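Counting starts at 1 for both ligands and their atoms, in listed order. Note that the coordinates shown come from a computational prediction; the quantities given were computed from them, not determined experimentally. Computed over heavy atoms, backbone and side chain alike; hydrogens, waters and symmetry mates excluded.
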Amino acid sequence: MQDFKRTKLETSYNSQRTEDFSIINGPTGTIKQSDHKFDEQASETSEYQENKSSSLKQPLPIIQQDIEKSEYESQIVESLADSYPGSEIKALIEQKKQRDHKPIYLNIMVVGQSGLGKSTFIDVLLKKKLGSGQIIRDSTLQIQEIQGLITQNDLTLNIKFIDTPGFKHQYSLRSWLKLLCGYIKNQFKSYQQRQNLQYESKEKFQQLSQQDLDERVHVCFYFFSGPRIQTEDLQALKKISGLVNVIPILAKGDSYTKNEIIQLKQQFNDMINEYHIDLFKCQCNNNFHEKSQFGSTTPYVIISSVEQFQIGNHLIYGRKFPWGICDIFNPQHSDLAILYKQLIGHYCLELIKLTNFLYNNYVQQEKQKLKLKQQNQSWLSNLINYLFNR
Ligand code: GDP
């Protein structure tokens, strides 16, 4: 056994040296030069000299351990695995968890005419669902961002509400749409800037891609009211839905009878089809048992209030009427709880995915516009050149 090993190693050594010599004596200048250098350096050591003179004749003193290299390696691996069983897999799982558990950003814009209960809607959701304290603010004269946070198990959901001034009172439809679309586009632009910035260097990429911030508007709740659908609302819906996912809301649901609501919903959906307005498709799976008492199609019928009432042992948010108190989170009275549940539990990731689509469309359109502008400019400068140099 011992002899066999020796022979094997001697053979490999000899063949290596033979290769070296053949290169030194070979025809190519460059190879010769570099290997001479190697030869010179090596010849400085007496050990090498000895080996060189006796290389082909005498067997080299071989320090050989009893275990083969492959056996030795497998022993190392086994001992590492023994001391930290599966530790690298655990670390990988941890890495994956961290990546999967990046915070989710959901930015919700609330728009519509003044006085429809948009701010109240945001306030009550922040209080009831997002644990925020009293929100004191004046009537919405400018766009306001209000932050809420949900952390549960390993999930962090950053919800940002974007409250907007309503049109009619302070704004004409045109200036109002300019304000809203300007905001949505600005969010796209800052997102785009950060996306571009992260590809400037590896360091920036690691830093920025880890944060995974997203300031784009993922959904717009469009509040409207009856007794009939207004042209201004349709114009606004058409414009906004080209930039953002829109979910329609029939505001102040307590102002209508059930029949009126069903008719209004029908009228709304007919008009949306007629004007080819592309709203977010709110199709929910069967995991959510609560179905709206007003039918399975949008708009959601919402009643909002920040007023609280004691009913038995429960403190509820509601509105008081001569005939009783309505509980705004009771699905028998309002779609508020259903909307919230479906938004977070079912639509959230789909809305973010579709925002990528809308964002991409926006970026392409901007590129197209820039190209057209450059073409027009060069056409104009060519014409000027032609006229002046004639
Ligand atoms: P915004 O201008 O759309 O933000 O409307 P606000 O949230 O400021 O609400 C305007 C008024 O409508 C306030 O007096 C609210 O208390 C009231 N309001 C809000 N939601 C409802 C609702 O669902 N039903 C009724 N009847 N009134 C509401």
Min N/O separation T120 to ligand 1 under 3.5 Å: yes
Using modelled atom types and a 3.5 Å cut-off, is there a donor and acceptor pairing between side-chain atoms of Y256 and backbone atoms of G226? yes
Going from CZ on R319 to OG on S304, what distance comes out if it is rounded to the nearest 0.5 angstrom? 7.5 Å
Report yes if L116 has an N/O atom closer than 3.5 Å to an N/O atom of ligand 1; otherwise report no. yes
For H346, does its backbone N or O pair with a side-chain atom of K341 as donor and acceptor, under 3.5 Å? no
Option with minimal heavy-atom separation from atom 10 (C) of ligand 1, where the choices are S305, C326, S119, G115: G115
Just how far is it from atom CD1 of I352 to atom OH of Y359, taken to the nearest 0.5 Å? 15.0 Å
Heteroatom distance test (S255, ligand 1): nitrogen or oxygen, under 3.5 angstrom: no
